[in-house]
Structure formats: C-alpha cells, structure tokens
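For reference, the structure is listed below as structure tokens.
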Number of protein chains: 2
Amino acid sequence: MVTIYDIAAKAGVSAMTVSRVINNTGKISDKTRMKVRRMMDELGYVPNHMARSLVLQQSNMLFLLITDITNPFYTTLARGAEDAANKYGYRLLFGNSDEKIDKELDYLDTILTTRADGVLIAPAGDASLSHLEALRKHRVPFVLLDREVPGMESDIVLGDSKDGARQLVEHLTSRGHQRIAMINGSRQVSSARMRLEGYREAMKLNDLSYQEHHILETTFELQNDLSIIEAWLDQMDPAPTAIVAGNNVLAVEVIRTLSARGLRVPEDMSVVCFDDLGPYSEIDPLLTVVAQQAYQFGYLGMQMLVERIQINKDFIVPWKKIILPANMIIRRSVANLNDGTE
Amino acid sequence: MVTIYDIAAKAGVSAMTVSRVINNTGKISDKTRMKVRRMMDELGYVPNHMARSLVLQQSNMLFLLITDITNPFYTTLARGAEDAANKYGYRLLFGNSDEKIDKELDYLDTILTTRADGVLIAPAGDASLSHLEALRKHRVPFVLLDREVPGMESDIVLGDSKDGARQLVEHLTSRGHQRIAMINGSRQVSSARMRLEGYREAMKLNDLSYQEHHILETTFELQNDLSIIEAWLDQMDPAPTAIVAGNNVLAVEVIRTLSARGLRVPEDMSVVCFDDLGPYSEIDPLLTVVAQQAYQFGYLGMQMLVERIQINKDFIVPWKKIILPANMIIRRSVANLNDGTE
DNA sequence: CTGTTAGCGCGTTCAA
DNA sequence: TTGAACGCGCTAACAG
C-alpha cells in the first residue's frame, strides 16, 4: 500500500508536506506542490480513509437505512436523499433492514463502528427504540423517516397518514362503498397505526360501522405465504366491496390473492392503497392510490440531517417535524357502485 | 469516546486482555472475561471499526455498486447480494451510480479509501474501464454484474442478452409482426450492444430487413424528456407494429410516449422488453418481457466475490463467467396479427 | 492466562 | 514554507 511516507521519500520532502498538499492546508510552494502531486500520480496513491477518520474523529459519510429496498417508495426516497447528500458534499451509503429488527441492529453496528457522521433511518418498528437510543447516546445525529418511534424525540419527516386514510375512505364512500375492509402493517409500526386510526375515524365520520374482523394486521413486507390473507377474506361474510391496503406491497398481495381466486379488480373487489408503485405504475395504471412524496421524504430528511450535523453541538435547537401531504391519484381499481356500473 | 483502555482501566486489566475478550481470541479466564464484559456494557463501548481495519488491513465490508436504485432489476439483485453477503458473514454497503460515470468515480473513491474488501459492480459503461483498472491495481477483488467492459477480464455474471433478444423477436414474428423497431441503451454499455446484436441476428434469421432508422440508441436510465422518442417514432414511415425495448425503463418510456398520443398497447403498438417490472408487475400484468434472474445475479455474483476474496492471493485461479438464461413471460402487450384480432 | 511493545496511516502541534 | 514528535484506537508478536 502506498502511503504518504512513500510519496514523501520519492519527492524528497516530509510526510507532513504531502499531507498538506493532499488537504490543501497551510502554505506550500508551487514547486513542491507540483512535485508531490506528480509522485502521487506516479505511485497511484489513494488516501486511507480509516487512518484519516481515526485522527479526525469523523468520517464524512452519511448512512441511509431503509426497510425495503425493493419497494419503490423507499428507492425513490433513496434517490432524494442521495441527491441532497451529494449537494452538501457528503458521501451516502445505503443499508436495507428488510423490516427486520435484527438486520437493523446489524446495520446499526456498522453505523456506530464506522463512525458515520449521521443517519437517515426508517425504523423497522417501535422496537427500534433501543437502536435510536444507542445512536443518541453515541451522539450520532439522526433523522427519522416515515415512522415515529414512541419514546424518542428527534427530527422527523412524516407522511400525513391519517389524512391519507381519510382520502381513501371518502373516495370509496363517494362511489357507494360501505363495507370497507383494511389490510395493514404491524401495529408495531407507527405509520400503520396512524393509517388504521385514520381509517377508523373516516369510517365513523361517514356513519359506517368499524368492524374488528374487517381488519387484518400483518406486515408491510412482501410475504411468500398468502394463506393469512386468504383466511381473512374467507371469514368476512358478507364480503366487503372494497379493501384499503396499508401500503403498496399489501395491495399487490391482496390483488394476487384475489386473482388466484378468479376475482377481478375492480369488478369483483375494489382495492386502494398508500404509496404509488413507482415509475412503472404509469403504464396501464390500475391502482388508485394515495401517493406520498417519496423523493421529498429523502431530500428534506437529508437536509435536516446535514443541518443538524453542522449545528454547534452545544447549541440546543428544537426538533423539527415535517409532515408531507399525500395526494390521491384516482385510477381504475375502484368500482362505482352508484350507477349500476358495478 | 470509550476505548479499550477505558475498559481496561475500570476492569483492572490491560488493553490487550480487553481486545482478546472482544475478539474471542487467545485464552481468557472466565472471571476476567465476565469482568471485562460487564465494564463494556456499563460504559457502552463500541469498537472503533476504523482503528481495527487500520491495523488488520481489511474492513470486512463489501460494496455493491448498481446503476439504478429505482430499477426493480437492480433492487432485486441487491437483495440477492445482500443475502449471500450476510450468509458469509460480511457486511454489505450499497451505492447508486445512476448510470453516470462521474458518480461511479465518486463511489470508487469511497470504495478505495474505505478499503472495502471487495466490490460487486454493475459498470456504468465501457468508460468504467479506468475505474476497474484502479480496483485491479489496488488489488481490490471485484465481480462484474450484467455488463462486460472491453479490455478488462474478471469474474462476471451476465445475462444471455443475445438469446433474450432472439426470444423476443421470435415471439413477435410468431404473432405476425414484421416491422419491428428497437429502442436501446447506449452502445457504451455491453448489454445494450449484445441485445442489439441479438435483435439484428434474429431479424436476419427471420428474413426481416434490419433498418437503421428503426433503431433508437438512448440510455437505460429514466429520462424526463421524451421528445427524442417522439422524434424517433415520427420518422418511421410506415410505422412499426412492434417495439423491442432494451430494458424495462425504456419500455415504460415508450408506452408513456405512445399513450400521450392516444396510442394503446397492444392494439395500436406491441411492446416487449428485457427485465421484468418487479413484484408489482404481477398485478394486472401488461408487458411481455424476457425476465432476467435478478436475484441470482446478486446471489451468485456475491458468492464468486467471496470465493475470490478468500483465495490465497498468490494462487492463480482463472476468471469465472456465469451466464444466466433469460425467461420469456408472455403477457398482453403483443397483438396477434395473424388472425385479424389486431 | 496476561501484559508490553510496536506500528497500522494520517493530521495536529509545535518548533525551525 | 517545512519538519519532528506524538497520538488517534486497535491488534500482532513476543515475553512472561
């Protein structure tokens, strides 16, 4: 491995001079600067980030931890975070917790041991609290994305889940639906809780009865086993005319289950959900959704993170909370029951 | 920051003993081990990965560099790579080059300076050669994914692009199509070249004329500006009856352009492409595609990488090349011109 | 079973 | 404008 000492030797200067050339610090004569630069090129020198971070006590690297790298919501969010990070001159690394608290812990370990300067994190669930406490304890600035964690205050970017649920339910009722079921993520995840609450309130507001057996609590991640959904559908009698899905993955699973039974959307069942399906939803668009501003989640979150990092540590600044509105995109997955169209 | 010296002091042992406890090396009495462990917990010790890597000269971290984090092909690939990396006890970090050689260079810098133990990389294009040469020069093992780079031999996982193109063209001809156009990625990207060649050969094999103006070379990444596609469509007279897209992103762009003109798929134009659209393609599936085994790309690539890393450096092992077959999934985006169904 | 010494590659501090 | 000494946190090698 080529070190600054190798360069120093070849250039006939001290290692310190080389260091100064690399970092553009101090005063260096143009002549020695040139000489050092040439030697660096010749030897193919690459700075050792570890040695550097070790003495500087900072890594200049930020970390983004998402829960599902195959979900377009998170990948779009990642692009936003990336753009913002680059804009501020930080490197960004990604991790994928797969909605699993254990994998999240592994990444947390990576984050802590590599001394990332800051973290943007979509927590796997309420159990992430201990992870966040570890970050706080070690003074690693972080910004929460998409999900709150009870017991932990911090900067955060949230979607307006309640209002989103309201929009979905009202769209359904406006088209004549009354028996509206909901499939949702785990109640260990704040966004799932808020969406359920929004659904509940909207049902009440529309004088529709909230029925326990119309609710299925499962998880936001893709499952291979659809039997839980099947059992849930079976026990609803009479069957609902519409289903609200807590996110895009669940909507896809529901539709797959339905179509395995020969049921079609929207003819036999209407389905709506949170989050769009990515760029690919634009062709032959089926699903009516409440789309969140995924890119903004990442971009604004990263901005908050960088601000937080650059604040003087001793200076107390209150936590910021950004709530991004969700926008309904009406497509063809909802039947109009009002005019006999089915 | 808590160091092993702090723990050593509190526990009344030497730093070396603490180090041994942390790494489970050497023989330690249960009593001191317990004592050290307790102190570590009490003080909230977190190992400093940088200091560790600095002396060990290895980071135990692997890197996956993809070109489009919003493309389901790459995110599924990422899941495969991640699973394999974890299986072998490595941490995996992700980067997204966005098909841009400059961003790739930035990540390469990160990889080099952080001393990643190995890299899985989907190169942005032929210009990535210098980046790969840098990796080779610094003895960072790498495995290429999805794309070859002329002038650089290495382990690699490829899709059978030529055969994929053949399958698509033959599917179209079997349904009576003769004027088949192709929109493709940059010829700076090997997979685009291979797909074009496969298309060309398949056209010839089916006695169809290869027409220069039926080919549009653009890029695999999502563009906001669709005017290039519009201009291309305009200058084809007579219009083709089918379009082969070099990847999923291009297919989506073509379909968006078509539908902006009121043209429908497959009634007015048939469209097929490489790569599936992710889990979300399973609902209301439109596009007929040649699906690549994305997960396997990542999983097998990672296996090769780990093997390469663990090989004794002095021992010469020939490069391995895995070619994964592509499988056609027939859906509804191709009109059957044979029986007047149009 | 445990401790001492030395050094990984770099930047800060002070001196020249 | 340049250099020498020191230390960041950790572990390999050796000594006991």
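Owing to the predicted nature of the structure, the values given are computational and were not obtained by experimental measurement. Quick note: numbers below take in every heavy atom, side chains included, and nothing from hydrogens, waters or symmetry partners. Here is the naming used below: chain letters follow the sequence lines, and residue numbers restart at 1 for every chain.
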Protein-nucleotides 5-7 of chain D N/O pairs under 3.5 Å:
none

Collect all protein-nucleotide pairs involving nucleotides 14-16 of chain D in which both atoms are nitrogen or oxygen and the distance is under 3.5 Å.
none

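Partners of Gln188(B) by side-chain hydrogen bond (donor to acceptor under 3.5 Å, both in side chains), not counting sequence neighbours: none found. With sequence neighbours excluded, the residues that form a side-chain hydrogen bond (donor to acceptor under 3.5 Å, both in side chains) with Asp126(B) are Arg193(B). Scored by the ring-ring contact (aromatic ring centres under 6.0 Å, His included) test, Phe142(B) finds no partners at all (sequence neighbours excluded). Remark: Gln296(A) pairs with Gln293(A), Leu300(A), Leu324(A) by the side-chain contact (heavy atoms from CB on, under 4.5 Å) rule, at least two apart or across chains. Residues passing the ring-ring contact (aromatic ring centres under 6.0 Å, His included) test with Phe73(B), sequence neighbours excluded: Phe297(B).
DNA chain C lies under 4.0 Å from at least one heavy atom of each of the following residues of residues 22-51 of chain B: Lys27(B), Ile28(B), Ser29(B), Thr32(B).
Rounded to whole Å, the distance from CG on Asp6(B) to P on dC8(D) is 10 Å.
Between its two ends, the helix from dC1(C)-dG16(D) to dA16(C)-dT1(D) turns its axis by 40°, counting five pairs per end and rounding to 10 degrees.
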Review item, side-chain donor-acceptor pairs of residues 24-31 of chain A, under 3.5 Å, at least two apart:
residue	atom	partner	partner atom	Å
Ser29(A)	OG	Thr32(A)	N	3.3
Ser29(A)	OG	Thr32(A)	OG1	3.0

What side-chain donor-acceptor pairs closer than 3.5 Å can you find for residues 36-48 of chain B, not counting sequence neighbours?
residue	atom	partner	partner atom	Å
Asn48(B)	OD1	Met50(B)	N	2.9
Asn48(B)	OD1	Ala51(B)	N	3.2

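Salt bridge annotation for Lys100(B)-Asp102(B): absent, with no cationic side-chain nitrogen under 4.0 angstrom from a carboxylate oxygen.
Counting 5' to 3', DNA chain C first comes under 4.0 angstrom of a heavy atom of chain A and last does so at the ends given by dG9(C) to dT12(C).
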